[in-house]
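Note on naming: letters A, B, ... go to the chains in the order of the sequence lines (proteins, then strands), and numbering restarts at 1 for each one. Everything quoted here is computed from the prediction, not taken from an experiment.
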Protein chains: 2
Amino acid sequence: MTPKQSYLSCLDTLKPVRDALDVFNGKWKLPILVSIMVGNERFTDIQHSISCITPKVLAKELKDLEEHKLIRRVIINEYPVKILYRPEPYAESIIPIIDALKEWGLNHRKKLFT
Amino acid sequence: MTPKQSYLSCLDTLKPVRDALDVFNGKWKLPILVSIMVGNERFTDIQHSISCITPKVLAKELKDLEEHKLIRRVIINEYPVKILYRPEPYAESIIPIIDALKEWGLNHRKKLFT
DNA sequence: GAATGCACTATCCTTTAGGAAAGTGCTATA
DNA sequence: TATAGCACTTTCCTAAAGGATAGTGCATTC
């Protein structure tokens, strides 16, 4: 017996969207990337540029982003030792996502107040 | 004493991005919207077009999307009664987000296999 | 020598997301 | 009359996300 299949397939779109969501899901990854990409490099600077993020969460998210090759943790051996977070070239690939979300968010806010 | 402020502000971007994430965060909202926008209308069709989503989760997400005015629940009073989920015009505004995520996901997958 | 900054880690806790499995009330079909 | 489809709901549960608070070791600055 062949099962009834009336639904429209959309896996072409769904699969890559899922792959992207697997990387960026959660409250913090995209905001952190934005902060680093505008030029914040130090742990505390990033923390302060994104209000309300706790150091524990920030540390964990930075590690995730490093694993995904979106940022790099750079150790500068001066005295005192400095640690810098820098965007990898691959990070540029997320600019269209950020732009789309930013645009949408701005428009959504307008919509709410009319 | 004025506090030291060395970090670069990026709230212009961060705020709207957050607003957007507040709406779309989670594993399912965007995939469900995609499914409805390609033309799936019935609960079970949507469920089957997105493999692995449970009816409980789908029901909840559909309610959220309705609240955000992205879809509409339409009751057709034939016999038997039909229930259809249809995209609202506002749903079109998320196309750039989907496209950006899809593009990124495709490219990311390529990257992983090279 | 006291306070502050830096880059975290550690502990504990709450909330939310999400999944598994079964069931419900209705209708239609074999 | 039994089975299947539809659109869910209910219950129970786990894992992950995220937050609060404190502390650490080091260095610099007041």
Side-chain angles (χ1 to χ4, degrees), chain A residues 1-8 14 18 21-33 35-36 40-68 71-86, chain B residues 1-8 14 18 21-33 35-36 40-68 71-86:
Chain A
M1 201 159 71
T2 52
K4 186 183 164 202
Q5 167 148 351
S6 62
Y7 67 86
L8 301 160
L14 252 39
R18 283 264 217 137
L21 288 178
D22 284 347
V23 175
F24 297 117
N25 216 358
K27 215 172 155 178
W28 299 115
K29 297 223 170 58
L30 290 172
I32 293 168
L33 273 168
S35 173
I36 292 175
N40 290 303
E41 305 195 294
R42 311 293 302 268
F43 191 93
T44 36
D45 286 346
I46 298 164
Q47 192 186 338
H48 292 130
S49 74
I50 303 167
S51 43
C52 302
I53 192 169
T54 61
K56 188 194 104 177
V57 170
L58 180 55
K60 190 232 162 206
E61 299 290 56
L62 286 170
K63 268 171 206 153
D64 289 356
L65 292 172
E66 218 192 326
E67 271 176 27
H68 285 297
I71 60 169
R72 182 193 315 219
R73 187 178 186 270
V74 182
I75 303 161
I76 307 278
N77 275 317
E78 296 165 0
Y79 293 91
V81 171
K82 269 188 194 176
I83 292 182
L84 303 182
Y85 293 92
R86 294 258 173 83
Chain B
M1 203 159 66
T2 51
K4 185 181 163 203
Q5 168 148 350
S6 61
Y7 68 85
L8 301 159
L14 251 40
R18 284 262 219 142
L21 288 178
D22 285 347
V23 176
F24 296 118
N25 217 354
K27 214 171 154 178
W28 298 115
K29 298 225 169 59
L30 290 172
I32 293 168
L33 274 168
S35 174
I36 292 174
N40 289 304
E41 305 195 294
R42 310 294 300 268
F43 190 93
T44 38
D45 286 346
I46 298 164
Q47 192 188 335
H48 292 129
S49 73
I50 303 169
S51 43
C52 301
I53 192 169
T54 60
K56 188 196 102 177
V57 170
L58 180 55
K60 190 232 163 205
E61 299 290 56
L62 286 170
K63 268 172 207 153
D64 289 354
L65 291 171
E66 217 192 328
E67 271 175 29
H68 285 298
I71 61 169
R72 183 194 315 218
R73 186 178 188 269
V74 182
I75 303 160
I76 308 279
N77 276 318
E78 297 165 358
Y79 293 92
V81 171
K82 268 189 196 177
I83 293 182
L84 303 181
Y85 294 92
R86 293 259 172 82

Residues A/Arg72 and A/Glu66 bridged, charged N to O under 4.0 Å: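 No, this pair does not count.
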It should be established whether [X] places a side-chain nitrogen or oxygen under 4.0 Å from OP1 or OP2 of nucleotide [N].
{"X": "A/Thr44", "N": "C/dG5", "answer": "no"}
{"X": "A/Lys63", "N": "C/dT9", "answer": "yes"}
{"X": "B/Trp28", "N": "C/dG19", "answer": "yes"}
{"X": "A/Tyr7", "N": "D/dC6", "answer": "no"}
{"X": "B/Arg42", "N": "D/dC6", "answer": "no"}

Heavy-atom closest contact ([X] atom, [Y] atom, distance):
{"X": "A/Gln47", "Y": "A/Pro55", "answer": "NE2-CD, 3.7 Å"}
{"X": "B/Arg42", "Y": "B/Ile83", "answer": "NE-O, 3.5 Å"}
{"X": "A/Leu14", "Y": "B/Ser49", "answer": "CD2-O, 3.7 Å"}

Main-chain N/O of A/Tyr7 paired to B/Asn40 side chain as donor or acceptor, under 3.5 Å: no
What is the distance from [atom1] of [X] to [atom2] of [N], rounded to the nearest Å?
{"X": "B/Phe43", "N": "D/dC6", "atom1": "CZ", "atom2": "P", "answer": "12 Å"}
{"X": "B/Ile46", "N": "D/dC6", "atom1": "CD1", "atom2": "C1'", "answer": "13 Å"}
{"X": "B/Leu58", "N": "C/dG19", "atom1": "CG", "atom2": "P", "answer": "12 Å"}
{"X": "A/Lys82", "N": "C/dC8", "atom1": "NZ", "atom2": "P", "answer": "14 Å"}
{"X": "A/Asn77", "N": "C/dA7", "atom1": "CG", "atom2": "P", "answer": "14 Å"}
{"X": "A/Ile75", "N": "C/dC8", "atom1": "CD1", "atom2": "C1'", "answer": "13 Å"}
{"X": "B/Leu30", "N": "C/dA17", "atom1": "CG", "atom2": "C1'", "answer": "16 Å"}
{"X": "B/Asp45", "N": "D/dC8", "atom1": "CG", "atom2": "P", "answer": "13 Å"}

Along DNA chain D (nearest heavy atom to each residue), the more 5'-positioned of B/Tyr85 and A/Lys60: B/Tyr85
If you define the side chain from C-beta out and look only at heavy atoms, does anything of [X] sit under 4.5 Å from [Y]?
{"X": "A/Ile32", "Y": "A/Ile53", "answer": "yes"}
{"X": "B/Leu58", "Y": "B/Thr54", "answer": "no"}
{"X": "A/Ile46", "Y": "A/Thr44", "answer": "no"}

Could you list the donor-acceptor pairs under 3.5 angstrom formed between side-chain atoms of residues 22-29 of chain B and any protein atom two or more places apart in sequence or on another chain?
residue	atom	partner	partner atom	Å
B/Asn25	OD1	A/Gly26	N	3.4
B/Lys29	NZ	B/Glu61	OE1	3.2

Return the polar atom pairs (N/O with N/O) between nucleotides 24-26 of chain D and the protein under 3.5 Å, or none.
none

From C-beta outward on [X], which listed nucleotide comes closest to its side chain: [options]?
{"X": "B/Glu61", "options": "C/dG18, C/dT9, C/dA7", "result": "C/dG18"}
{"X": "B/Pro80", "options": "D/dC6, C/dA28, C/dA17", "result": "C/dA28"}
{"X": "A/Val57", "options": "C/dA28, D/dG19, C/dG18", "result": "D/dG19"}

Any residue of residues 49-56 of chain A with a heavy atom less than 4.0 Å from an atom of DNA chain C: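 By residue number: A/Pro55, A/Lys56.
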OG-CD distance between B/Ser35 and B/Glu41, expressed to the nearest 0.5 angstrom: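 Taking OG in B/Ser35 and CD in B/Glu41, the distance rounds to 10.5 Å.
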